[in-house]
2 protein chains.
Amino acid sequence: MHSLRPLETASAHDRVYRGLRTRIMHGQIAPGQALTLRGLGKEFGVSMTPAREAAQRLVAEGALQMSISGRLSTPELSNERIEELAALRALIEVELASRALPRAHMQLIERMQNINNGIADVVSNRDAVGYIRTNLEFHRTLYLRAQAPAMLAMCETVWLQLGPTMRMLYGRLRRTEAPQYHRLILAALQSGDEPGLRLAVRSDVTQGLRMLAS
Amino acid sequence: MHSLRPLETASAHDRVYRGLRTRIMHGQIAPGQALTLRGLGKEFGVSMTPAREAAQRLVAEGALQMSISGRLSTPELSNERIEELAALRALIEVELASRALPRAHMQLIERMQNINNGIADVVSNRDAVGYIRTNLEFHRTLYLRAQAPAMLAMCETVWLQLGPTMRMLYGRLRRTEAPQYHRLILAALQSGDEPGLRLAVRSDVTQGLRMLAS
DNA sequence: CATACGCGTATGTGATCACAAAAATCGAAA
DNA sequence: TTTCGATTTTTGTGATCACATACGCGTATG
């Protein structure tokens with residue numbers, strides 16, 4: 001029943017918004033990177049007006065910050081802010097996973113396993129952006145089953161705010177395999193173990209935080 | 001260290017945004033109410049451009065919805081959506097209250113008591129908007145102590161989405177006194193009872209939902 | 001060599017306009 | 001009276017422009 005607008009008729013500001021949002025969420029833009037409206041407009045082939053709307057929207061979602069003079073940049077998050085956002089991820093994603101559990105059939109689990117196997121590839125290539133994208137896809141695949149669009153939207157907003165920082169974090173990471181907690185998540189899904197699932201998701205989400213302390 | 005911009009130099013779109021946002025959050029606009037950019041512009045004394053930016057931003061936050069043709073209106077929430085938003089309120093506000101508890105000294109509790117006493121007045125006047133505003137002020141006063149701006153922002157976004165619906169809900173309510181759970185919240189704060197506080201906040205936040213079932 | 005000043009350029013803001021599409025209005029026919 | 005269709009009006013979109021201001025760089029001065 002969703003009325004999806006055809007891509008070729010999507011408004012200009014939506015194209016800019018989606019393009020920028022994806023880049024930010026996947027960590028393709030470093031923290032503190034400056035952006036200009038004319039630059040965005042030229043890049044996406046539109047005038048300043050749609051670029052401004054897209055930027056304003058991303059500022060409202062915390063994906064960009066705007067100085068008092070109106071200059072745009074990706075935010076450099078303080079450690080306190082990162083802790084807060086990780087706590088929000090834990091709260092919301094545990095709830096989403098819990099709601100998805102009763103509907104998580106074998107087909108879904110297999111799809112998640114496939115995605116998780118793909119993480120090994122991007123990890124071996126030292127591809128930080130690919131790692132973030134695949135990791136988020138793993139989580140989103142599960143959460144979509146929760147049938148909770150408002151919660152998922154909030155969750156993605158948090159991902160968005162963490163995007164530039166995640167790149168920095170995962171860039172430091174010397175990882176050789178997919179996250180260990182992903183296997184725990186999959187195991188808990190298969191056995192229908194709700195407490196185990198909640199713990200596994202919480203651990204997976206907050207593990208990145210521990211790298212900050214070191 | 002916050003660099004607050006003086007109000008008299010606030011940008012036009014910020015004035016429109018704040019004005020509209022307050023109205024929506026406090027339930028001054030009924031669900032399904034239509035809005036036009038030119039109308040908003042005229043009302044706030046600005047051209048269409050700032051009105052559009054403010055509207056886009058509120059759409060991004062879920063406070064307004066936009067039809068495929070670009071028409072603006074306050075959303076009419078389904079029961080499932082309301083349940084979801086109430087669950088989000090419960091998740092986030094319980095966490096905020098828990099974080100505020102160690103910092104909630106007597107002065108803060110007294111301030112909250114004063115606000116809560118004010119609820120009796122607006123209730124006796126059958127003032128739905130005043131009730132919502134005062135109720136939210138009660139909660140925000142506590143949550144500000146949590147020192148968690150990202151969480152508070154998410155929380156307020158949920159309030160915003162529920163604004164038009166809250167008016168409808170509380171409009172039906174035949175209430176003669178302040179919410180019972182507010183007293184429990186205050187008692188738990190005074191005694192430093194964290195489990196009791198979490199339960200009281202969760203109950204207060206989800207109580208409105210029960211009116212839907214009836 | 002460091003710092004402060006000043007000028008030129010880059011940048012965001014808000015108003016206005018032309019255009020297309022949707023909604024509303026009015027009239028005619030069944 | 002109702003319903004369908006054409007026309008008029010309303011509305012959102014995106015481009016462009018003038019303007020004010022902030023930034024950056026070069027120069028001069030201590």
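Keep in mind that the numbers below use all heavy atoms, side chains included, and drop hydrogens, waters and symmetry copies. Reminder, nothing fancy here: chain letters follow the sequence lines and each chain counts from 1.
One can place CZ of A/Arg52 at 6 Å from P of C/dT13, the figure rounded to the nearest angstrom. If you take CD1 of B/Ile68 and C1' of C/dA21, they are 12 Å apart, rounded to a whole angstrom. At whole-Å resolution of the value, CG in B/Leu35 and P in C/dA23 are 16 Å apart.
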- Query: A/Leu77 and A/Leu162: side chain to side chain contact (heavy atoms under 4.5 Å, CB included), yes or no, with the steps?
  - Reply: CA-CA 8 Å; A/Leu77 303 184; A/Leu162 282 171; 4.1 Å; yes
- Query: Going through the checks in order, is the salt bridge (charged side-chain N to carboxylate O under 4.0 Å, His left out) test met by A/Arg23 and A/Glu43?
  - Reply: CA-CA 13 Å; A/Arg23 266 190 238 174; A/Glu43 188 169 354; 2.7 Å; yes
- Task: I would like to know whether A/Glu95 and A/Met151 meet side chain to side chain contact (heavy atoms under 4.5 Å, CB included); could you show each step before the answer?
- Result: CA-CA 9 Å; A/Glu95 177 72 16; A/Met151 281 190 191; 3.8 Å; yes
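Nucleotides of DNA chain D nearest to A/Ser47 and B/Leu37 differ in position, and the one nearer the 5' end is that of B/Leu37. Both A/Thr49 and A/Arg71 lie near DNA chain C, and the one whose nearest nucleotide falls closer to the 5' end is A/Arg71.
Under 3.5 Å, the side chains of A/Tyr17 and A/Glu61 contain a donor-acceptor pair of N or O atoms.
A donor and an acceptor atom sit less than 3.5 Å apart, one in the side chain of A/Arg38 and one in the base of C/dG12.
Salt-bridge check for B/Arg57 with B/Asp14: passed, with a basic side-chain N closer than 4.0 Å to an acidic carboxylate O.
Residues A/Pro164 and A/Gln33 form no side-chain contact, since every pair of their non-hydrogen atoms from C-beta on lies 4.5 Å or further apart.
A nucleotide of DNA chain D counts as in contact with chain B when one of its atoms lies under 4.0 Å from a heavy atom; the first and last such, 5' to 3', are D/dT11 to D/dG14.
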